[in-house]
Number of protein chains: 2
Amino acid sequence: MITIKDIARVAGVSHTTVSRALNGNPLIKKETRDRIERIAAELNYIPNYSAKSLVMKKSYTIGLFFSSIDQGTSASFLVDAIKGIHQVLDENYSLTVHGIDSIRHYDAITPRRFDGVLVMSQSEADNAFIYHLKQTGIPFVVLNRQLDDPGILNVVANDREGVREALDYGIGLGHRKIAIIEGRAGFKSTTERKQGFMDSLIAHRLPLIPDYFTAGDYGVESGYNAMMSLLSLSDPPTLVFCSNDDMAIGALNACYARGITLPGQLSLIGFDDILFSQYTYPPLTTIRKPIADISKFGTTKLIERLEQPDSAPEQLFVQTELIVRQSVAAVKNEGQL
Amino acid sequence: MITIKDIARVAGVSHTTVSRALNGNPLIKKETRDRIERIAAELNYIPNYSAKSLVMKKSYTIGLFFSSIDQGTSASFLVDAIKGIHQVLDENYSLTVHGIDSIRHYDAITPRRFDGVLVMSQSEADNAFIYHLKQTGIPFVVLNRQLDDPGILNVVANDREGVREALDYGIGLGHRKIAIIEGRAGFKSTTERKQGFMDSLIAHRLPLIPDYFTAGDYGVESGYNAMMSLLSLSDPPTLVFCSNDDMAIGALNACYARGITLPGQLSLIGFDDILFSQYTYPPLTTIRKPIADISKFGTTKLIERLEQPDSAPEQLFVQTELIVRQSVAAVKNEGQL
DNA sequence: ACTTAAACTGAAACCGTTAACAAATATTTC
DNA sequence: GAAATATTTGTTAACGGTTTCAGTTTAAGT
């Protein structure tokens, strides 16, 4: 393996000069630099990052921590996230991936090991970890889950707005009897999405009917159960908004089980736009949560932070997008014309 | 940040002794070692991996490279893989994740940067990368995709056997008219699965009907199209084996479109057991490809390899598992009694 | 008690890089 | 053309560990 000293020898200069030349230090005369760069390229020189790290006290690695490796709900999550991150992470950083739940010693999470950290958070259980991060002083961003702490850089989707827009769309199609299957109690996203739901109904002067608010926990099962109870109502809704796609799939199965056809008899809207929402039958109309964009944006911000450590942390929203597929139909000859 | 020299100072020994004590070197007297370990713990000592790396010429990182970040078909893949890997990767290795297609310079993949590499391969396009790896001398394993090169450590599922078993099951339920939707031409997995399919039919002395062999490419669309053509046959099959779940989902949608109900009129078997196969309607009977196990096993083998570099490379198979759900029914009063 | 071997500890060099400081060379300035 | 200044390069010491080799104890043998 060839080192800067090897280069120095063939270039007839000191290794310091080589180091400077290769790092774009302006002290070096242009022609010297060019010569050294040429030689380095010829010799196929690759810097030793361990040595660099040691002296620079930088690790050249970014850690990606996501809630749980063992709780499989959110598969496309990770891929999308990694995709987004790699788009902006420059090549001499490497990205390590960890499950928050599988960290044995928080002590091993030190500034020396991570230049920065991305937390792809899905649950409140991550708070302890986030708190620890804060202690260490490692620059970090929390992605995906909205935090209340203004001291933390936080990139999330604009759930509330997105849901409102989707419901506006449904109402525009004539729906008046509209239900919601809520997410897990206590999650920020649950209340945000519910708010968006209510925003739209209220804006359209539609009544908020308690029977149409059903509990869920973001799991497929809970969607199934909630939909079952909705279908048992004496006056069932014509449109159901599910706070995520997993529950929408559960709800869909409840409809199959009850022999309800979609979107003929009932319309359904999901949230997230997971990979499979396009392959359900009928394909699910949903609100896309742009995980890749969130990750990309978050990474950009994190890098900015690394370079300028005392920039103020902000909370940033990225736009959701309504994906119209086929699970919502116009309600037939029933609108209040 | 505290170093071995700090520990040495408070312990009243040389930093050399500390280094040895902390690394389990048998030269150190037990009581000295105990004392040093206690002090290290008290001081919250964490070794500096950059320094260690530098002198040991080890990176303490394992790279996970997977085929394509941008081709979203196989999302649960990555999660399962990471899950499996973390189960066995000991804590002082860190795992970095990369898309093969986003590597700009192969030169950056050097033995100094990776102690070992896991290649989660899904396509032949990875061969160039695998070839490069071989050049570098970095110990590596190729997971998931069967290779012909006997010089490479390779962990894959036993596709052929698994498919045979699944078809045995279908035939046991009375099916005689059985079709296959094949995977992408040229892929090893395609031929393996097809072989398993034929193995079973032949073992049961069933004819191999050319019309029942349809082409696919592992994409959802291709499953849809293949199923459409199968349904147009004058004598359509009663059981269709799809070479992966994605195509099974496409096939399922074709059935919906044609008004065919499953499993009443037609039975379907998939392959992979992707996350969503349990949420289709009806839930898909499929063959589970144990990605987590493959990864786990592969990682174990890789680590073995790191510790004993000249162990012979092998090709290892891990067992698939038939997941019986509800897309296959017994064929009604039609068996050749 | 005295040598000799065994057990343990320490001094110093090294891994490949950057950086503070010193030195050399080139360029102005008068 | 010498002094002053600017530009470019080199010397040397870190960074935090491991390892070789030498040195010091301690235990064993006679």
Side-chain angles (χ1 to χ4, degrees), chain A residues 1-40 43-61 92-94 107-108 110-115, chain B residues 1-37 39-40 43-61 92-94 107-108 110-115 307:
Chain A
M1 272 294 109
I2 100 122
T3 75
I4 52 171
K5 291 188 183 169
D6 297 323
I7 300 177
R9 202 169 320 113
V10 347
V13 296
S14 78
H15 71 280
T16 308
T17 301
V18 175
S19 172
R20 286 200 265 249
L22 261 25
N23 288 303
N25 185 313
L27 289 184
I28 303 298
K29 208 196 311 183
K30 176 154 187 345
E31 56 189 87
T32 317
R33 172 197 317 290
D34 289 347
R35 193 160 49 89
I36 289 175
E37 276 173 349
R38 220 190 44 247
I39 295 174
L43 261 41
N44 250 305
Y45 168 73
I46 294 152
N48 181 325
Y49 276 84
S50 304
K52 252 183 138 117
S53 290
L54 181 57
V55 57
M56 306 279 286
K57 294 166 187 328
K58 275 194 63 174
S59 62
Y60 295 97
T61 92
N92 43 19
Y93 280 103
S94 59
D107 304 343
T110 71
R112 262 207 313 237
R113 256 190 107 136
F114 299 101
D115 288 346
Chain B
M1 271 297 107
I2 98 124
T3 75
I4 51 170
K5 292 187 184 169
D6 298 322
I7 299 178
R9 202 171 319 112
V10 348
V13 297
S14 76
H15 71 281
T16 308
T17 300
V18 175
S19 171
R20 286 201 265 249
L22 263 24
N23 288 303
N25 184 313
L27 288 183
I28 302 298
K29 208 197 310 183
K30 179 156 186 342
E31 56 190 87
T32 318
R33 172 198 317 289
D34 288 348
R35 193 160 50 90
I36 290 175
E37 276 174 349
I39 295 174
L43 260 43
N44 250 305
Y45 169 72
I46 294 152
N48 182 324
Y49 276 83
S50 304
K52 250 181 138 121
S53 290
L54 182 56
V55 57
M56 306 278 287
K57 296 169 186 327
K58 274 193 63 173
S59 63
Y60 294 97
T61 92
N92 43 19
Y93 280 102
S94 60
D107 304 343
T110 71
R112 263 208 312 239
R113 255 188 109 138
F114 298 101
D115 288 345
E307 281 158 8

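In what follows, every chain begins at residue 1, and chains take the letters A, B, ... in the order their sequences are listed.
When the options V13(A), I4(A), I28(A) are evaluated for a side chain to side chain contact (heavy atoms under 4.5 Å, CB included) with R20(A), the one that passes is I28(A).
Between E37(A) and R33(A) the shortest side-chain heavy-atom distance falls below 4.5 Å. Residues Y60(A) and S53(A) meet the side-chain proximity criterion, which asks for heavy atoms closer than 4.5 Å. Under the 4.5 Å side-chain criterion, counting only non-hydrogen atoms from C-beta, T17(B) is in contact with I36(B). The side-chain heavy atoms of R113(B) and T61(B), taken from C-beta on, include no pair separated by under 4.5 Å. K58(B) is listed as a side-chain neighbour of Y93(B), based on a closest heavy-atom distance under 4.5 Å. Residues Y45(A) and L22(A) are in side-chain contact: their nearest non-hydrogen atoms beyond the backbone lie under 4.5 Å apart.
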Stepwise, does the side chain to side chain contact (heavy atoms under 4.5 Å, CB included) test hold for V10(A) with L43(A)?
CA-CA 10 Å; V10(A) 347; L43(A) 261 41; 4.2 Å; yes
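The end-to-end axis angle of the helix from dA1(C)-dT30(D) to dC30(C)-dG1(D), rounded to 10 degrees and based on five pairs per end, is 40°.
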Sugar-phosphate or base contact per nucleotide [nucleotides 17-28 of chain D; S, B, -; heavy atom under 4.0 Å]
BBBB--------
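L27(A) and N25(A) make their closest contact through N-OD1, 2.8 Å (heavy atoms, listed as atom of the first residue, atom of the second, distance).
Reading DNA chain C from its 5' end, the first and the last nucleotide to sit under 4.0 Å from a heavy atom of chain A are dG16(C) to dA20(C).
Ionic pairing of K30(B) and D34(B) is present here: one or more N-O contacts between side-chain nitrogen and carboxylate oxygen are shorter than 4.0 angstrom.
Both T32(B) and L54(A) sit near DNA chain C, but only T32(B) has its closest nucleotide nearer the 5' end.
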